[in-house]
There are 2 protein chains.
Amino acid sequence: MFNAFSQDDERATQRFKSGEMEVDPGTQLFVEGAQAAQVYTVLSGLGLRYKTLPDGRRQVVNFVMPGDFIGLQAGVMGEMHHAVESTTKMTLCVFNRHDLWSLFESNPERAFDLTFLAAVEEHLLGEALSRLGQHSARTRVAWCLHRIHARAQATNGCAADGSCSFPFRQQDLADALGLSLVHTNKTLAALREDGLANWAGGRLHVPDPAKLAEIGMVDGGSAARPRPLI
Amino acid sequence: MFNAFSQDDERATQRFKSGEMEVDPGTQLFVEGAQAAQVYTVLSGLGLRYKTLPDGRRQVVNFVMPGDFIGLQAGVMGEMHHAVESTTKMTLCVFNRHDLWSLFESNPERAFDLTFLAAVEEHLLGEALSRLGQHSARTRVAWCLHRIHARAQATNGCAADGSCSFPFRQQDLADALGLSLVHTNKTLAALREDGLANWAGGRLHVPDPAKLAEIGMVDGGSAARPRPLI
DNA sequence: CGTTGTCTTGAATTACATCAAGAAAAGTGG
DNA sequence: CCACTTTTCTTGATGTAATTCAAGACAACG
């Protein structure tokens, strides 16, 4: 699902890259409101992007997956407006925030890709906003599980039986969808009962993705589209 | 509230600019899912960015104000994932989508600014997502009105009495906040009753912005920060 | 002066949150 | 390997914020 990577791209990225990093589960990669000297591309592992609200509640903005570029806000604005935390062990490609600017000067193609990724992110957030604003719990949960599954499939993250890894807690999903834990749990139970999606033990089974897409009101246009890799 | 505009910036933008355009209220500037040959910077007037859902509902993603750059998705991805419509008469600075790429090649500073704007947009959407996901109707409405007012103030859009223009319908606000029209109306009435915000006849009065910010749980960090102008 | 769009208000309904408590898992230390 | 604690998941009962339904009041407009 990623754009082809030419030799030039490869060389430019290598020059820009400052190293690799492996982090344990539960590591804070970015702290809300803090400066950050590095930005990353996720090579493997999963994580969460979230905002903490003044009253202590939490909004999960997105699930972080391999191929995602994280820290763009820190990169261009200097400061992050959401936190990023690893859920599993993660491998990251490390870049220096400072070098971002030289990337724009020396490699317009890669700079364009970065902007492209920002636009993709904006699109995903707009989609999420629509869900929270307009849809019922059942639709929201179905939509989110479908999205996770589709993304995993696009990156070969699915096992032979069509199941994929999704090692989060129900609380994380609840915080992503703006639902209470209890109601999320009951909705998941209902979807399982209906044979639409079975999420247990950190793995997500979707017997019939098309049927789940229908419940989740996923429009055809929002398929996981190819994107550049930085 | 905009970054200083050097002579070089000015020249580069002028070269990139393809013209100016004035549109009547109710004009569709971008159609959801369609290609677009032009992108714009708003010089004056107000509009709406929204997504239409398969079942006909509508999510207003943002209110479009002077200084906003619209069409970035079309610019880099080729296709818009939300619609943009003018609410008042608008004046727009027109750019050709095709020239965007040459901007990246020839003027990295402006390209960086574009990415900066994309990051700002992402930040705003994340904020909106948190509101829809975690807060009550009263808080949401207060937050939105506060944001509108703060933005107007930052761009000298406020009259001497501290009121600003906000020529939208209650339905638009309802669709932005994921609330029903009826409940939005009742919440507005309550805020008016409490002397926190008075929105009528297309104008918004906020006697005490600090008090409204408190109700809207606006954290200090999210003040309207300076941004580049393209 | 009817027609249409927006705003306003009251009453009935419901989807969801909150409260409460038990059942599995999953760590932790002896 | 087994008690013990802690975390996560599950289920039922109760409460409420917000939706939906319905209808009237304005205002703008041709």
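Protein chains get the first letters and strands the later ones, always in sequence-line order, with residue 1 at the start of each.
- Between A:Asp175 atom CG and C:dA17 atom P there is a gap of 11 Å when expressed in whole angstrom units.
- Among the nucleotides C:dC19, D:dA18, C:dT9, the one closest to any side-chain atom of A:Val182 is C:dC19.
- Note: CZ (B:Arg140) to P (D:dA18) measures 7 Å, nearest angstrom.
- Using a 4.0 Å heavy-atom criterion, one finds that B:Gly178 contacts the sugar-phosphate atoms exclusively.
- Taking atom NZ of B:Lys186 as the reference point, atom C1' of D:dT16 lies 14 Å away to the nearest angstrom.
- One can place CG of A:Asp172 at 13 Å from C1' of D:dC9, the figure rounded to the nearest angstrom.
- Using a 4.0 Å heavy-atom distance criterion, A:Gly201 is classed as making no nucleic acid contact.
- In plain terms, the two heavy atoms of A:Ile230 and A:Phe95 that are nearest each other are O-CZ, 3.9 Å.
- Looking at B:Glu20, its side chain never comes within 3.5 Å of a backbone N or O of B:Thr91 through a donor-acceptor pair.
- Ring-plane geometry between A:His123 and B:His81 is classed as parallel, the angle between the planes falling under 30 degrees on a 0 to 90 degree scale with a further cut at 60.
- For the pair A:Trp199 CH2 and D:dC9 P, the computed distance is 7 Å after rounding to whole Å.
- Heavy-atom distances to DNA chain C give each of A:His183 and B:Arg169 a nearest nucleotide, and the one nearer the 5′ end belongs to B:Arg169.
- Closest contact between the side chain of B:Asn185 and the listed nucleotides C:dG10, D:dA18, C:dC7 involves C:dC7.
- Atom CG of A:Asn198 is separated from atom P of D:dC9 by 14 Å (rounded to the nearest Å).
- The side chain of A:Gln170 lies closest to D:dC9 when the candidates are D:dC9, C:dC16, C:dT9.
- Shown here for B:Ala36 and B:Phe30, the closest heavy-atom pair between the two residues is CB-CE2, 3.6 Å.
- Within the structure, a side-chain polar atom (N or O) of A:Arg192 is placed less than 4.0 Å from OP1 or OP2 of D:dT10.
- Atom CG in A:Leu181 sits roughly 7 Å away from atom P in D:dC9 (whole-Å rounding).
- One interatomic measurement links the two molecules: CG of A:Leu191 to C1' of D:dT10, which rounds to 16 Å at whole-angstrom precision.
- Ion pairing of A:Arg49 with B:Glu122 is present here, as a side-chain N (NZ or NE/NH1/NH2) and a carboxylate O approach within less than 4.0 Å.
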